[in-house]
Every structure is written in C-alpha cells, then in structure tokens.
Amino acid sequence: MNRKAARVTISDVAKTAKTGKTSVSRYLNGEYHALSADLKQRIEQAISALDYRPNQMARGLKRGRTRLIGLIIADITNPYSVHVLSGIEAACRAQGFTLLVCNTNNEVDQERHYLHLLSSYQVEGIVVNAVGMREEALNTMQQSQLPMVLIDRKIPDFACDVVALNNQEATAAATEHLLENGCEAILFISEPLAQVNTRLERLQAFLHTTQGRPSVVSEQAETALNQSEKLDILLTEFTRRHHHKRCAVLVANGALTLQVARSMRRIGLQWGKDVGLLGFDELEWAELAGVGITTLKQPTWQIGYAALEQVIRRIEGDNAPVREQLFSGELIVRGSTLFNSTR
C-alpha cells in the first residue's frame, strides 16, 4: 500500500545540512551575511535534495504578515470585472502579494460568508469590486479597520479610497458624440439606479450635457438585466414616439448593452440606420456586431492595478486623507452611431 510521503520539515533540512534550525531559518529569511559560504552551500544542497518547500503562511503569521489581499467581486462572469481582476492580479504579482478572490454572485449571504472567510485568513487588505454590495456588508468591512479600496463606486458617509472611471467626463463625451452625429432624441438606459453612484453620475452627466438644447429630447429608463419583454417595449415605444427624429440609445454598461442589442434585433431595429447605439464598456463582440457598436472603453486593467497599489500604500502605513482616483475613458467610434443613411 502506498503511503503519502511525510512533509519535509526545517528540522530535516538542518539534519541533512549538519547544522541547526536557526541557521536554516536565517537562510530562508535571506540573512546570508550571518552564514559562512560553506554553510550556505550545505543548506542550499539540503533544500534541493529534500525538495523542501517552506510553509509561507506559517512564516508570514510568525512575522505578523500574510501578504494576502482579498478581492470581493459581485459577478465574476462580467467582462468588466474580469479585466479589473487581471489588473489587480498583475499588481499583486509585482508587489509580492497573493490574491484571494471571492465571487458573491450578488447574494447577501455570500457577502457575509466571504467577509468572515477573509478575516479568518487574516488578509492584509481588501479590494471591493461589487456595485451591488449592501451597505451593511460594507459597514462591517469598514469596522474591521482593514485597508480597503472600492472600485467604481462611492458610498455616502463612507470614508474609503475609490478608484474609478471619470463618469462625468466619459458620459459627456459619449453624449456629445451622439449630438454631433445629428441625434435629436436620446434614451439613456441603465440598471435600477438605487443609490449606485456610478449609474447616478452617468445619468446626471447625460442630462446636464443635453440641457439647453431645446431641439433635443432626452429620456431615461431603468431595467434589470434579462427583462427582455420590458426592454422590447421600452425601445419600441421610444422609437415610435420620435419616429420623425433621429433616435439613439445610450446604455450605461456592457452587460446591458448586449441586452439592448439583442432587443433591437428582436423588434427589427437596425443600429446605425434606424437608431443609434452607444454602450459603456468595450466588449470583444462590439466590433463584430454588424456595422459595429460604438463604445466607451474603460481602462479596466489600469483601474484594477491602481486599486491594488493604493491598498498596499495603506497597508504600508499611508495615513493621507482618503482619495478618489479617476481615469479617463476612450470613445471607440463604429458604425452604430454614424448612420449610413439619412432620414
């Protein structure tokens, strides 16, 4: 019967190298100045021969450090979140930290579960990319006094670093693009606003940009994801009300943009001809969708990287006032807003 080999210990390394555990510990901690060249070589050979791998968690806890970062994410299937995650993970590797990813799937019970789990692993900091996270959960995290950075959201009366897109600038640029291309009726569609600052800021910027233009009709609608029937009705009624105008739809995020594009196909609207379409977030399918869909590209990788750098600064003792780091977006113009025929 095969038996699992016993784990090699620091005592085994010391015995093989014919030295004490203290010397081996010094070698593992990089204190080579305290070791002779011969002893250092014997320890290296013993570690190689035994294939010794130190328990990094135990070593970290002994020094009061785990070098673990927790990431709480609302929906790991969202392309925006995937790109943010990539940037965070790259920064972790560069800074020598390990990332623990927790996908809450927008479920309250999962939020609580992962908060307790991250505490038990003694993470040194937390990054939160969860627009749907409840205030109760965020308050629990704040009370833990762990260094924390929020991505793409702000909470009233909640003092915390934030890294996000400059929503006012980006939405103004997107709206101006539609106006410059002759759009006379624009429908802004978002998921339910609630108190989600990202959605509110984009809506406010849209309304502000269209103000003072009496010839332009600006409307706003809210819908949850996968409410296909409601979306079909919204788009049908909007285009019917303004059939004599050049219409366009501005969508507040990538997941909803896909839903809107599908709805337009179902009800027989052609973007770039019957109606304009511009969506936040640059998704791979956008350039392949017929004439292509104009998007507002967010620097998601850079946002994730910057968020991790900021939480590490806090871990290392930065006591500066909380900061909001905003990134500019990039408008990727395609046929959906250029209109290949005149009305």
Side-chain angles (χ1 to χ4, degrees), residues 67-103 123-133 147-155 160-174 176-177 196-202 205 251-258 278-287 293-316 318 320-334:
R67 300 197 75 79
L68 294 176
I69 298 291
L71 169 62
I72 295 182
I73 201 164
D75 180 9
I76 203 168
T77 65
N78 188 315
Y80 172 91
S81 299
V82 172
H83 295 150
V84 165
L85 169 59
S86 178
I88 295 172
E89 197 275 332
C92 277
R93 280 189 279 111
Q95 300 283 350
F97 282 78
T98 298
L99 186 65
L100 299 182
V101 181
C102 301
N103 176 37
V123 296
E124 296 189 35
I126 297 177
V127 177
V128 180
N129 171 220
V131 169
M133 178 163 278
M148 178 169 55
V149 173
L150 302 179
I151 289 180
D152 201 35
R153 79 169 301 185
K154 291 178 287 187
I155 306 297
C160 188
D161 294 314
V162 176
V163 181
L165 178 74
N166 187 326
N167 288 304
Q168 194 283 328
E169 175 189 80
T171 308
E176 287 289 356
H177 170 74
V196 179
N197 75 284
T198 301
R199 299 167 190 169
L200 290 167
E201 288 174 4
R202 292 176 186 176
V251 192
N253 65 51
L256 192 53
T257 300
L258 177 58
L278 192 159
F280 271 76
D281 300 330
E282 169 67 358
L283 303 174
E284 292 180 357
W285 53 266
E287 64 179 342
I293 296 175
T294 297
T295 60
L296 195 293
K297 181 180 180 180
Q298 299 193 55
T300 46
W301 191 93
Q302 292 85 345
I303 287 173
Y305 201 102
L308 196 280
E309 287 185 319
Q310 179 61 16
V311 84
I312 290 177
R313 280 192 285 270
R314 294 302 187 188
I315 289 170
E316 294 175 346
D318 181 0
V322 296
R323 62 185 299 223
E324 181 181 359
Q325 187 174 357
L326 300 180
F327 284 78
S328 295
E330 177 187 1
L331 192 65
I332 308 295
V333 179
R334 299 190 179 96

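Start at 1 with the first residue, then count along the sequence. Just so it is clear, the model here is predicted, and its values are computed rather than measured.
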Check your understanding: Between Gln310 and Arg323, does a side-chain contact (heavy atoms from CB on, under 4.5 Å) hold up when you go through it step by step?
Key -> CA-CA 9 Å; Gln310 179 61 16; Arg323 62 185 299 223; 3.3 Å; yes
Heavy atoms, side chains only, cut-off 4.5 Å: are [X] and [Y] in contact?
X	Y	result
Val128	Leu71	no
Val162	Arg153	no
Ile76	Ser81	no
Thr198	Asn167	yes
Leu331	Leu278	yes
Glu324	Lys154	yes

Practice item. Check each of Leu100, Leu99, Thr98 against Val123 using the side chain to side chain contact (heavy atoms under 4.5 Å, CB included) test, and report the only one that passes. Key: Leu100
**Study point:** Partner of Val101 by side chain to side chain contact (heavy atoms under 4.5 Å, CB included), out of Ile69, Val127, Leu85, Ile72
**Key:** Leu85
Kindly say whether [Y] contributes a backbone atom to a donor-acceptor pair with the side chain of [X] at under 3.5 angstrom?
X	Y	result
Asp152	Ala164	no
Arg202	Ala252	yes
Gln325	Val163	no

Check your understanding: Can you list the steps and then say if Met148 with Val311 is a side-chain contact (heavy atoms from CB on, under 4.5 Å)?
Key -> CA-CA 6 Å; Met148 178 169 55; Val311 84; 5.6 Å; no
Salt bridge or not for [X] and [Y], using N-O below 4.0 Å?
X	Y	value
Glu282	Arg334	yes
Asp281	Lys297	no
Arg67	Glu124	no

Check your understanding: Regarding Ser328 and Glu169, is there a side-chain donor-to-acceptor distance under 3.5 Å anywhere?
Key -> yes
